[in-house]
2 protein chains.
Amino acid sequence: MRVLLHPAEHEIRLENLFHALSDPARLEVVRTLIALGSEQSCNSLGEAMAKSTFSHHLKVLRESGVTRTRVAGTHRYVTVRSEELNRRFPGLLDLVERSGPPALTDAAAAALSAARA
Amino acid sequence: MRVLLHPAEHEIRLENLFHALSDPARLEVVRTLIALGSEQSCNSLGEAMAKSTFSHHLKVLRESGVTRTRVAGTHRYVTVRSEELNRRFPGLLDLVERSGPPALTDAAAAALSAARA
DNA sequence: ACTAGTGGTCTACGATCATCGAACTTGGGA
DNA sequence: TCCCAAGTTCGATGATCGTAGACCACTAGT
């Protein structure tokens, strides 16, 4: 897998975003990414699930247009496509951010504290 | 079926809303309801699919908190829970409304013209 | 070049979902 | 009362999804 598929901004469809965000695990990942505010290495997130499961969730988020994944050597870095999403579907990310989680998962808390250290 | 289940406002969860709205047929129904702006009889919508399928979609929308269904004799009337949704998840309905449909389905167009007549 | 280890994908499987036909329930007339 | 109209529920089927174990690619160190 050399090339990662990302939809262009105009190809992002609302129902695909809704589907991507309808899974609690993915919603949590996006919330964590928003909270951290910057590019994150793949392995700093999603430690609560199997690698393959997390990889699958990242693929769904990427192909729906929620996130962008950058390849750099052996690492992959994930970001939320905030500018494009705010331009095309204003308010969506605010919704995700403000509907704060009932409680942070251990993985998310670990990622948060690691990012602050 | 005497009693229809509706979640209370504080029980409405974002991931359930996202899931309910991630299906194109349901998204179309909600967009039509918003466009029409008032209570609609069940049979004025969803003529593009089987009765049982439409009934299932309405159930998903209702149980996720998107719509409210009122029973009146042999008829049921559906509304979008706009006030509650705007209070709890501000911007969500605007998002659905503004991300206009690529094209109105025949059923939706029929419902629209019927409502305008 | 070989090996070890890290980082990510492929494949299979169980669960959920969307769809529809058919049978059932209920209410409103003729 | 008898029948139709409006919706729901049930059963079945094909598709999609979430999960995780097994597998592969790449890098660093020796």
Side-chain angles (χ1 to χ4, degrees), chain A residues 1-6 13 15-30 33 39-79 105 107 110-111 114, chain B residues 1-6 13 15-30 33 39-64 66-79 105-107 110-111 114:
Chain A
M1 149 110 45
R2 215 68 253 133
V3 175
L4 292 176
L5 277 171
H6 292 85
R13 311 195 76 245
E15 52 260 50
N16 293 341
L17 293 177
F18 281 162
H19 170 251
L21 297 172
S22 69
D23 185 276
R26 289 195 289 262
L27 196 58
E28 186 56 44
V29 168
V30 174
L33 280 173
E39 197 174 55
Q40 291 301 313
S41 166
C42 279
N43 69 349
S44 70
L45 307 158
E47 305 195 345
M49 62 193 93
K51 283 191 305 179
S52 52
T53 303
F54 183 60
S55 181
H56 163 70
H57 285 319
L58 280 187
K59 184 180 179 186
V60 173
L61 287 173
R62 177 165 44 81
E63 295 186 345
S64 69
V66 178
T67 60
R68 186 177 294 283
T69 300
R70 181 172 67 85
V71 180
T74 49
H75 291 257
R76 272 119 203 268
Y77 295 96
V78 191
T79 49
T105 64
Chain B
M1 144 107 49
R2 213 74 254 125
V3 174
L4 292 175
L5 277 170
H6 292 87
R13 311 192 74 245
E15 50 261 51
N16 293 340
L17 293 177
F18 281 162
H19 171 251
L21 297 172
S22 68
D23 184 278
R26 289 194 289 262
L27 195 59
E28 186 57 43
V29 168
V30 175
L33 280 173
E39 197 174 54
Q40 291 301 311
S41 166
C42 278
N43 72 348
S44 69
L45 308 158
E47 304 194 346
M49 62 193 92
K51 279 195 307 178
S52 53
T53 303
F54 184 59
S55 181
H56 163 69
H57 285 319
L58 280 188
K59 185 180 180 186
V60 173
L61 287 173
R62 178 166 43 81
E63 295 186 345
S64 68
V66 178
T67 60
R68 187 176 293 284
T69 301
R70 180 173 67 85
V71 179
T74 48
H75 290 254
R76 275 112 205 273
Y77 295 95
V78 192
T79 48
T105 64
D106 291 348

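Here is how names work: the chains are called A, B, and so on, in the same order as the sequence lines, proteins then strands, and each is numbered from 1.
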In whole angstrom, give the distance that lies between atom [atom1] of [X] and atom [atom2] of [N].
X	N	atom1	atom2	answer
B/Leu58	C/dC20	CG	P	14 Å
A/Arg70	C/dG8	CZ	C1'	17 Å
B/Phe54	C/dC20	CZ	C1'	15 Å
B/Glu63	D/dT8	CD	P	11 Å
B/Asn16	C/dC17	CG	P	10 Å
B/Lys51	D/dC10	NZ	P	16 Å
B/Leu4	D/dA6	CG	C1'	13 Å
A/Glu15	C/dA18	CD	C1'	15 Å

Is there any protein nitrogen or oxygen under 3.5 Å from a nitrogen or oxygen in nucleotides 12-17 of chain D, and what are the pairs?
none

Under the rule for side-chain contact (heavy atoms from CB on, under 4.5 Å), what residues qualify as partners of A/Ser22, not counting sequence neighbours? A/His19, B/Phe18, B/His19
Which nucleotide, [options], lies nearest any side-chain atom of [X]?
X	options	result
A/Ser52	D/dG21, C/dG7, D/dG7	D/dG21
A/His57	D/dT9, C/dT9, D/dT19	D/dT19
B/Thr74	D/dA6, D/dC10, C/dA18	D/dA6

Spell out, as yes or no, whether a donor-acceptor pair under 3.5 Å connects the side chain of B/Arg62 to the backbone of B/Leu4. no
Side-chain donor/acceptor contact of B/Ser55 with base of D/dG7 under 3.5 Å: no
Using a cut-off of less than 4.0 Å, is there contact between a side-chain N or O of A/Thr53 and OP1 or OP2 of D/dG18? no
For the helix from C/dA1-D/dT30 to C/dA30-D/dT1, what angle separates the axis at the start from the axis at the finish, each from five pairs, in steps of 10°? 10°
State, with a plain yes or no, whether a side-chain heavy atom of [X] is found less than 4.5 Å away from one of [Y].
X	Y	value
A/Arg70	A/Arg76	no
A/His56	A/Val60	yes
B/Thr69	B/Lys59	no
A/Val66	A/Val30	yes

By side chain to side chain donor-acceptor pair (under 3.5 Å) - contacts of [X] (at least two apart):
X	answer
A/Glu63	none
B/His57	B/Arg26
B/Thr74	none

